[in-house]
Amino acid sequence: PVNPKYAPLSDRGRGQIRQLSKQFAEEEIHFDHIYSSTMPRAIETAKLIAKYQRHQTHIELDALREIKAGRLVEIPHDQAERIIHYAYHQKSQQLTHFLNGESWQAFQSRVIPCIEQLLYQHVNQKIFIAAHDVVNRLILAWAHDQLDQDLHAQEQHYGALNIIDVYIADDRIVEKRVLLQNYTPYNLFKKDLRHNAVEDIYQMYLKTNGFQEKLA
């Protein structure tokens, strides 16, 4: 796999984001602010979205970068299924770190305060954030008031759109509503979108290490 720190969007990914961008333009949806993480594919996503907007600039925030995984080669074979395949079951599997990399506590401590700060900065404004799989899962869990639960249910497919309405009064967030989740305009009915990212990584791990396939 390509180091996610340097991975750009694929041609398919660019096509998916262009399709979403054009939908925004056709529906006359304009954003007051556009943000992205500091990782190449998120920056590229933000630029493709901004191209069809009135304000064609965006701001990069390192706090929104994807959670950092450890090295798969250092994961013991007898723990690989739990650590990799069930990586999004971090609470029930008692996983303190993501793929033996960044700790879940540190990850949550950088992402959620960043999101809340942006909301307090831009009350009653439309914000677009180009982020990543696990970042989005965490934000959705926050919106659903489920930060103490596993993230596997907050599915995120490539190029997905989520819409969250946040109500702020007296300098505090009083209500959060998830209006749209995991919307993929290129595949509305999720045909053949079966495995999540860590399940794909686990399949690759099994094949690379010569193990028999375990996932159906």
Side-chain angles (χ1 to χ4, degrees), residues 4 9 16-17 20-21 23-25 27-68 88 90-91 98 102-185 197:
L9 286 177
Q16 291 168 351
I17 300 302
L20 184 60
S21 300
Q23 283 188 312
F24 287 149
E27 295 295 330
E28 297 185 351
I29 296 173
H30 302 289
F31 299 103
D32 300 296
H33 303 278
I34 298 176
Y35 290 92
S36 78
S37 83
T38 51
M39 301 179 85
R41 62 191 184 278
I43 294 171
E44 193 172 357
T45 298
K47 288 181 177 179
L48 288 171
I49 294 294
K51 184 178 179 180
Y52 294 91
Q53 292 287 308
R54 294 169 181 165
H55 307 291
Q56 298 185 354
T57 59
H58 77 281
I59 296 174
E60 300 163 18
L61 298 174
D62 196 54
L64 296 175
R65 71 186 183 279
E66 181 63 297
I67 191 169
K68 185 177 181 180
Y88 296 151
Q90 79 284 7
K91 299 292 184 179
F98 177 70
E102 184 175 4
S103 77
W104 284 105
Q105 183 178 359
F107 175 62
Q108 182 173 320
S109 294
R110 67 172 167 86
V111 172
I112 299 305
C114 176
I115 293 299
E116 292 182 343
Q117 183 181 1
L118 289 178
L119 293 171
Y120 288 131
Q121 277 183 271
H122 306 305
V123 177
N124 295 325
Q125 293 184 310
K126 291 185 178 69
I127 307 170
F128 181 90
I129 297 174
H132 309 272
D133 177 30
V134 189
V135 175
N136 292 340
R137 287 173 184 268
L138 184 68
I139 294 171
L140 286 164
W142 165 84
H144 286 294
D145 293 323
Q146 294 178 350
L147 283 176
D148 60 341
Q149 298 185 30
D150 292 338
L151 294 181
H152 69 91
Q154 309 296 349
E155 191 57 88
Q156 289 293 279
H157 291 121
Y158 295 116
L161 173 70
N162 307 292
I163 301 176
I164 303 173
D165 241 355
V166 178
Y167 296 83
I168 297 175
D170 299 323
D171 295 324
R172 69 184 186 90
I173 296 172
V174 296
E175 190 172 340
K176 296 166 287 189
R177 299 178 185 175
V178 178
L179 304 184
L180 185 67
Q181 182 166 337
N182 198 33
Y183 169 66
T184 48

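Numbers here simply count residues along the sequence, with the first being 1. Since this is a predicted model, take the numbers as computed values, not measurements.
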Donor-acceptor pairs under 3.5 Å, side chain of residues 58-67 to any protein atom, not counting sequence neighbours: which ones?
| from | atom 1 | to | atom 2 | distance (Å) |
| --- | --- | --- | --- | --- |
| His58 | NE2 | Glu60 | OE2 | 3.4 |
| Asp62 | OD1 | Thr38 | OG1 | 2.6 |
| Asp62 | OD2 | Arg65 | NH1 | 2.8 |
| Arg65 | NH1 | Asp62 | O | 3.0 |
| Glu66 | OE1 | Val134 | N | 3.4 |
| Glu66 | OE1 | Val135 | N | 3.3 |
| Glu66 | OE2 | Asp133 | N | 3.3 |
| Glu66 | OE2 | Val134 | N | 3.1 |

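- For Glu28, the side-chain contact (heavy atoms from CB on, under 4.5 Å) test picks out His30, with sequence neighbours left out.
- Within the structure, every pair that satisfies the ring pair (Phe, Tyr, Trp, His ring centres under 6.0 Å) test and touches residues 138-175, not counting sequence neighbours, is listed here: His89-His152.
- Residues meeting the ring-ring contact (aromatic ring centres under 6.0 Å, His included) test with Tyr88, sequence neighbours left out: none.
- The two residues Leu48 and Ser21 come nearest to each other via the heavy atoms O-OG, 3.2 Å.
- Here the CD atom belonging to Glu175 is positioned 10.0 Å from the CG atom belonging to Asp145, to the nearest 0.5 angstrom.
- You'll find the side chain of Gln16 stays beyond 4.5 Å of the side chain of Thr184, heavy atoms only.
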Check the pair Gln154, Gln181 against side-chain hydrogen bond (donor to acceptor under 3.5 Å, both in side chains), reporting the backbone distance first and the verdict last. CA-CA 8 Å; Gln154 309 296 349; Gln181 182 166 337; 2.9 Å; yes
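- Annotation for Thr57 and Ile34: closest pair O-CB, 3.8 Å, computed over non-hydrogen atoms.
- In this structure, Lys126 has no salt bridge (Lys or Arg N to Asp or Glu O under 4.0 Å) partners at least two apart in sequence or on a different chain.
- Between Leu118 and Ile127 the shortest heavy-atom distance is O-CD1, 3.9 Å.
- Remark: Arg41 pairs with no residue by the salt bridge (Lys or Arg N to Asp or Glu O under 4.0 Å) rule, at least two apart or across chains.
- Here CD1 of Ile139 is found 6.5 Å from CD1 of Ile164. Values are rounded to the nearest 0.5 Å.
- Ala153 pairs by the side-chain contact (heavy atoms from CB on, under 4.5 Å) definition with nothing, not counting sequence neighbours.
- Of all heavy-atom pairs spanning Ala130 and Ala46, the tightest one is CB-N, 4.0 Å.
- Once rounded to the nearest 0.5 Å, the distance linking CG of Asn136 with CG of Leu161 reads 9.5 Å.
- Taking 4.5 Å as the limit, every side-chain heavy atom of Val178 sits out of range of all side-chain heavy atoms of Asn162.
- Residues passing the ring-ring contact (aromatic ring centres under 6.0 Å, His included) test with Phe128, sequence neighbours excluded: Phe31.
- Not a single side-chain contact (heavy atoms from CB on, under 4.5 Å) links Pro40 to another residue, sequence neighbours left out.
- Distance alone, capped at 3.5 Å, is enough to place a donor-acceptor pair between the Gln90 side chain and the Gln149 backbone.
- In this structure, Asp170 has no side-chain contact (heavy atoms from CB on, under 4.5 Å) partners at least two apart in sequence or on a different chain.
- Remark: Ser109 pairs with no residue by the side chain to side chain donor-acceptor pair (under 3.5 Å) rule, at least two apart or across chains.
- The CZ atom of Arg137 lies 4.5 Å from the CD atom of Glu155; values are rounded to the nearest 0.5 Å.
- Shown here are the ring-ring contact (aromatic ring centres under 6.0 Å, His included) partners of Tyr120, two or more places apart in sequence or in another chain: there are none.
- Separation of atoms CD1 (Ile112) and CG (Leu147) is listed at 5.5 Å; rounding is to 0.5 Å.
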